[in-house]
There are 2 protein chains.
Amino acid sequence: MKANLPGHDEPALPADLRMTPQRAVVHEVVKASYDHPTATEVFMRAKEHVPAISLATVYNCLDTLVAHGLLKQVNLDRASSRFCANMNDHVHFHCDQCGAVADAHPISEMPISTLWKLPEGSRVTRLDIALRGICPECVKKNATAKPQV
Amino acid sequence: MKANLPGHDEPALPADLRMTPQRAVVHEVVKASYDHPTATEVFMRAKEHVPAISLATVYNCLDTLVAHGLLKQVNLDRASSRFCANMNDHVHFHCDQCGAVADAHPISEMPISTLWKLPEGSRVTRLDIALRGICPECVKKNATAKPQV
DNA sequence: TAGCTTTCTTAGAATGATTATTGATCTCAT
DNA sequence: ATGAGATCAATAATCATTCTAAGAAAGCTA
């Protein structure tokens, strides 16, 4: 498994992106976070490096970084957006019990969009896929907490 | 193709659901809508039948109907939730240009969640899948509007 | 059927995430 | 240097949704 290790699989900085101190910190914070933080969580972590940064700026920076292909925005239902610096092809697994979000990488090259019958002449440009369930830790917790009745 | 025709593929009313006039109207409105309306759109359409109904009641009724398996809630990014009375297995195709939402039914029995490598011991209970792109109408519009440059 | 309990509905307030506004500051190509 | 355009911070505004409180309706129970 190829993880999103620092220095690997990082997209080059787009030439048209002015990398301001705030944007750099927001980018670094998300890259250093393996828990898919929300904008508010990014804000709190960024403040440790740039105490004067504002939440609005964090939102602006996140938007800009997503628009320039340096971050992914992860949405589940209508909960707060989360952000992810792993730009490799992958989807997210959300634990319904503890809320953790984990990356899940594709095993095959299967062209997934062909699995459904689309209106004739449609052009698919993007797939939004999320897996939900119970993470290994919560499965274990449940097993010890409530043994077979 | 089996459409969601009235009288076909409709789940039986759950015994533990009190079918109040408001809930019945909300259910009927969504069943009669083929455009996946938002809560506010359902509210406006329901008012034609029950002028005194409130938006909060529409939200309550939609929640209850979803919880009882009579409607599906459709989320894309952080836009308003939309509602769907087609309870057959399907996903949604969203046109990024006109915003239309169309049902797309599975072609095969492929166990989709096996396409990704999940944390060892995870238990997947749900798949959230949306297809995005350009619908046939907008593809046509684009072709006539801006011919090959 | 009367009385009691629970559920449902309504209007309006509250929440929470996000976006818009505004004025100040910064950057970079002239 | 300078002036246009980008970015920033603080704050206000927006928007979908949820909460609250009080009244209305429906369901039991005697």
Side-chain angles (χ1 to χ4, degrees), chain A residues 13-30 35-68 70-84 94 99 101, chain B residues 13-30 35-68 70-84 94 99 101:
Chain A
L13 290 186
D16 63 334
L17 172 65
R18 193 186 293 175
M19 189 50 87
T20 66
Q22 289 86 348
R23 287 175 184 173
V25 165
V26 166
H27 192 200
E28 286 307 317
V29 162
V30 179
D35 59 346
H36 300 84
T38 63
T40 304
E41 286 163 350
V42 172
F43 173 55
M44 294 188 303
R45 294 172 200 179
K47 271 178 96 76
E48 293 169 15
H49 303 95
V50 182
I53 200 169
S54 79
L55 179 56
T57 297
V58 169
Y59 271 104
N60 287 339
C61 293
L62 288 169
D63 281 355
T64 303
L65 293 168
V66 167
H68 284 81
L70 296 176
L71 294 181
K72 272 184 185 160
Q73 184 163 359
V74 182
N75 294 306
L76 184 71
D77 297 344
R78 292 190 41 81
S80 305
S81 290
R82 297 175 166 277
F83 296 86
C84 175
H94 301 249
V101 179
Chain B
L13 289 185
D16 62 335
L17 173 64
R18 196 188 289 177
M19 188 49 87
T20 67
Q22 289 87 347
R23 288 175 183 173
V25 165
V26 166
H27 192 200
E28 286 307 317
V29 162
V30 179
D35 60 347
H36 300 82
T38 63
T40 304
E41 286 163 350
V42 172
F43 173 54
M44 293 187 302
R45 293 172 201 181
K47 271 178 97 75
E48 292 169 15
H49 303 96
V50 181
I53 200 169
S54 78
L55 180 57
T57 297
V58 169
Y59 272 104
N60 288 339
C61 292
L62 289 169
D63 281 355
T64 303
L65 293 167
V66 168
H68 284 80
L70 296 175
L71 295 181
K72 273 185 185 159
Q73 185 164 358
V74 182
N75 293 306
L76 185 70
D77 296 345
R78 292 189 42 80
S80 304
S81 290
R82 296 176 167 276
F83 295 87
C84 174
H94 301 249
V101 179

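Chain identifiers are assigned alphabetically (A, B, ...) following the order of the sequence lines, protein sequences preceding nucleic acid strands; residue numbering begins at 1 within each chain. Only a predicted model underlies this, so the values are computations on that prediction, with no experimental measurement involved.
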Go through the structure and list residues passing side-chain contact (heavy atoms from CB on, under 4.5 Å) with [X], not counting sequence neighbours.
X       : answer
A:Tyr59 : A:Ala39, A:Leu55
B:His49 : B:Val25, B:Val29
B:Ser54 : B:Ala56, B:Thr57

Any side chain to side chain donor-acceptor pair (under 3.5 Å) pairs touching residues 70-82 of chain B, not counting sequence neighbours?
->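 Every side chain to side chain donor-acceptor pair (under 3.5 Å) pair that includes a residue of residues 70-82 of chain B, provided the two are not neighbours, is B:Lys72-B:His90, B:Gln73-B:Ser81, B:Asn75-B:Ser81, B:Asp77-B:Arg132.
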At what distance, to the nearest 0.5 angstrom, does [atom1] of [X] lie from [atom2] of [Y]?
X       : Y       : atom1 : atom2 : answer
B:Met19 : B:Leu70 : CE    : CG    : 6.0 Å
B:Leu17 : B:Thr20 : CG    : OG1   : 8.0 Å
B:Leu71 : B:Phe83 : CG    : CZ    : 8.0 Å

Set of ring pair (Phe, Tyr, Trp, His ring centres under 6.0 Å) partners for A:His36, sequence neighbours left out = A:His92
Sequence neighbours left out, what passes ring pair (Phe, Tyr, Trp, His ring centres under 6.0 Å) with A:His94? Give chain and number order.
-> none
Distance in angstrom units between A:Leu62 CG and D:dC8 C1', rounded |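 Whole-Å distance recorded here is 15 Å.
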For nucleotides 11-19 of chain D, just jot down a letter per nucleotide in 5' to 3' order: B, S or -, based on protein non-hydrogen atoms under 4.0 Å.
-> B----SBBB
Bend across the helix from C:dT1-D:dA30 to C:dT30-D:dA1, to 10°, with axes taken over 5 pairs at each end?
->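 Between the first-five-pair axis and the last-five-pair axis there is 30°.
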Among all residues two or more places apart in sequence or in another chain, which pass the salt bridge (charged side-chain N to carboxylate O under 4.0 Å, His left out) test with A:Asp63?
->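 Partners of A:Asp63 by the salt bridge (charged side-chain N to carboxylate O under 4.0 Å, His left out) criterion come out as none, since no residue qualifies.
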For B:Arg23, salt bridge (charged side-chain N to carboxylate O under 4.0 Å, His left out) partners two or more places apart =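 B:Arg23: no salt bridge (charged side-chain N to carboxylate O under 4.0 Å, His left out) contacts found.
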Nucleotide range of DNA chain C lying under 4.0 Å from chain B heavy atoms | C:dT7 to C:dT18
Check A:Ile53 against A:Phe43 and note the closest heavy-atom contact, atom names and distance.
->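 Taking A:Ile53 first and A:Phe43 second, the nearest heavy atoms are O-CE1, 3.3 Å.
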Near DNA chain D, which residues from residues 18-25 of chain A have a heavy atom under 4.0 Å away?
-> A:Arg18, A:Thr20, A:Gln22, A:Arg23
